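Notes to accompany the following structure.
Here the structure is a predicted model, which is why all the values come from computation and not from measurement. First listed ligand is number 1; within each ligand, the first listed atom is number 1.
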Amino acid sequence: MGTKHYDVFVIGSGIAGQTAAKTCKQAGLTVAISDKREFGGTCATRGCDPKKVLIQFADLMQNAKQLEGLGIKQPPKIKWKAVQKFKKSFTKSIPLDTEKNLNDLGIDLYHQSPQFISKNEILVEGKTVTADKFIIATGYIPRTLEFEGAELLKTSDAILKLKKIPKSAIFIGSGYVGMEFCYMLSTMGCKVTMVEVSDKALNQFDSFLVKKLTKVLEKNGVNFMFNTKPIEIEKLKKNLKLTYEKDGKTKSIKARKIFNTAGRVPAIEKLDIENANIKADETGVLVNDFMQSTSNENVYACGDVSSKSLPLTPLSGIQGYIAGHNIVNGNKKEFENPLVPSVVFTQPQLASVGYSEEEAKSRYKNVQVYKGDTSDWYNAKKENAEAYAYKIIVNERTDKIVGAHLLSSQANETINIFAMAINEGLTTNEFKKQIFTYPSYTNDLKSMLKDED
Ligand SMILES: Cc1cc2nc3c(=O)[nH]c(=O)nc-3n(C[C@H](O)[C@H](O)[C@H](O)COP(=O)(O)OP(=O)(O)OC[C@H]3O[C@@H](n4cnc5c(N)ncnc54)[C@H](O)[C@@H]3O)c2cc1C
Ligand SMILES: NC(=O)c1ccc[n+]([C@@H]2O[C@H](COP(=O)([O-])OP(=O)(O)OC[C@H]3O[C@@H](n4cnc5c(N)ncnc54)[C@H](O)[C@@H]3O)[C@@H](O)[C@H]2O)c1
């Protein structure tokens with residue numbers, strides 16, 4: 001058993017790990033990186049990017065359905081095999097390209113989960129490896145559900161690889177992942193049931209808008225079952241049977257597939273972090289603003305697996321850079337909790353940035369809430385869209401916009417306008433003075449600041 005030493009050993013090759021590793025290598029440090037799955041991380045290989053390739057076909061179907069009888073004879077037929085082939089053209093080369101890119105930079109690669117054996121030693125691929133600094137960038141993994149038959153559940157990895165659209169499916173959990181994929185499958189003709197333990201979907205988002213989105217998905221054929229607790233899964237000949245509890249009664253439903261979309265948790269279970277005195281809780285590896293472990297100064301954590309901020313791709317890249325920079329230059333850069341817009345890629349899309357109505361009301365004395373159903377506005381009507389709505393939050397004293405929540409077919413883009421407005425501290429008057437293209441969803445944003453509910 002040989003021993004090897006590096007200045008920096010990075011665990012996880014997603015956007016956070018890659019960014020951190022490259023930052024250290026480019027500063028002249030010796031660096032190694034390990035991944036226990038294919039290189040490239042979640043977003044590029046089994047998350048955001050392949051998901052958007054698939055979902056755009058659902059969007060096409062949805063748009064066509066909306067215009068059926070208004071010029072569209074019938075919605076197009078989707079060749080799912082071809083769609084999957086197209087998606088693969090984005091994902092297939094990622095692992096090898098990532099490895100080659102890291103290799104070319106002179107970074108050593110390991111293909112296994114390391115285990116900490118002491119504060120500065122790990123065991124990986126049968127070797128003891130020591131390093132001055134370790135960076136944990138292992139991301140999130142699906143939450144394990146603990147009921148009988150839970151091993152029959154599939155995760156988002158399997159949804160992205162479906163060989164055909166199943167006749168029926170049950171989703172357990174209506175967060176981002178559950179809502180996006182239940183929209184995709186229901187639009188493609190799958191009979192979908194959504195089982196959610198709480199009383200509404202997308203708990204992080206504005207209820208006024210979530211209700212409207214839920215209604216659209218119900219029209220798409222999704223059967224939402226709230227306040228419902230899954231308790232057992234059983235394998236039948238063709239189907240799976242889910243037994244659940246609702247209103248004190250025990251009942252069951254059947255479907256071809258059941259997906260675990262009940263949330264994601266920090267991927268730390270294989271690392272034996274306690275051997276290196278690294279502390280973590282359900283939010284991830286506990287770090288300070290320098291992305292440095294609060295209990296072991298030679299360890300940094302970044303991306304989803306760190307305890308700081310939301311598990312989204314743009315933040316993982318920023319945190320990876322900060323961790324790498326602080327290892328190279330000493331703790332100089334702090335993670336300052338940037339304003340983060342986010343979007344659920346259903347149709348309509350639900351997007352949000354800044355404070356919710358409740359957060360703003362607890363923070364400011366007087367809050368102005370602009371809220372409306374705009375499904376009768378031109379942009380929605382021309383698409384024959386079911387729902388178009390908004391809620392914008394303004395601090396009344398300063399007239400500055402502090403939060404925006406949009407439900408529209410273009411919300412993934414238009415929310416970025418509000419992100420910029422909030423970052424720049426624009427007042428509603430300054431915002432309304434902007435000239436935007438016409439007719440566009442962006443131009444509608446100005447009119448939203450006129451109507452008070
Ligand atoms: C289906 C889905 C859709 C998503 N869509 C979006 C979206 O539209 N927009 C958005 O912003 N975010 C989205 N996300 C979230 C986004 O993918 C993550 O925030 C981002 O990928 C996190 O990057 P990361 O580098 O922190 O972790 P990851 O990309 O998860 O990388 C971690 C790496 O560490 C490896 N690893 C884990 N454990 C070990 C171990 N013990 N040893 C060695 N290696 C290990 C993993 O194999 C992985 O390659 C989505 C996530 C999912 C699952
Ligand atoms: N578009 C995007 O940006 C995007 C897309 C996918 C994922 N993500 C990221 O991934 C993270 C995880 O998303 P997610 O959807 O996996 O988790 P989530 O935490 O957003 O949602 C999980 C849902 O499952 C429910 N749930 C939990 N246990 C349950 C049980 N036993 N039975 C029934 N329901 C149960 C929860 O109440 C919740 O509604 C997000 O926070 C987000 O940061 C982002």
For residues 249-264, please give each side-chain donor-acceptor pair under 3.5 Å, one per line with the distance, not counting sequence neighbours.
{"from": "R256", "atom 1": "NE", "to": "N239", "atom 2": "OD1", "distance (Å)": "3.1"}
{"from": "N260", "atom 1": "OD1", "to": "A262", "atom 2": "N", "distance (Å)": "3.0"}
{"from": "N260", "atom 1": "ND2", "to": "R143", "atom 2": "O", "distance (Å)": "2.7"}
{"from": "T261", "atom 1": "OG1", "to": "I172", "atom 2": "O", "distance (Å)": "3.0"}
{"from": "T261", "atom 1": "OG1", "to": "G173", "atom 2": "O", "distance (Å)": "2.7"}
{"from": "R264", "atom 1": "NH2", "to": "Y140", "atom 2": "O", "distance (Å)": "2.9"}

Next item on the list: May I ask you to decide if the ring planes of F9 and Y110 are parallel, tilted or perpendicular, using 30° and 60° as cut-offs?
Entry: tilted
Note to self: Heavy atom to atom 11 (O) of ligand 1, shortest distance: which of T313, I141, I136, V305 holds it?
What the structure shows: T313
Check: residues 157-164 side-chain donor-acceptor pairs under 3.5 Å, at least two apart:
{"from": "D157", "atom 1": "OD2", "to": "R37", "atom 2": "NH1", "distance (Å)": "3.1"}
{"from": "D157", "atom 1": "OD2", "to": "R37", "atom 2": "NH2", "distance (Å)": "2.9"}

Checklist line | Within-cut-off N or O pair, K200 and ligand 2, under 3.5 Å | finding: no
Next item on the list: From atom 18 (P) of ligand 2, work out which of C48, G178, S342, G175 has a heavy atom at the shortest distance.
Entry: G175
Notebook entry, point to check: So is Y140 polar-close to ligand 2, meaning N/O to N/O under 3.5 Å?
Noted result: no
Margin query: Below 3.5 Å, N or O to N or O, backbone or side chain included: is there any such pair between P311 and ligand 2?
Written below: yes
Next item on the list: Could you tell me whether E180 and ligand 2 have an N or O pair separated by under 3.5 Å?
Entry: yes
Checklist line | Heteroatom proximity flag, R143 to ligand 2, N/O under 3.5 Å | finding: no
Next item on the list: Compare A267, G41, S316 and give the one whose heavy atom is closest to atom 22 (C) of ligand 1.
Entry: S316
Notebook entry, point to check: Can a salt bridge be assigned to the pair E386 and K212 using a cut-off of 4.0 Å between side-chain N and carboxylate O?
Noted result: no
Notebook entry, point to check: Which of parallel (below 30°), tilted (30 to 60°) and perpendicular (above 60°) describes F57 and F86?
Noted result: perpendicular
Notebook entry, point to check: Which is it for A137 and ligand 1 at heavy atoms under 4.0 Å: side chain, backbone, both or neither?
Noted result: backbone
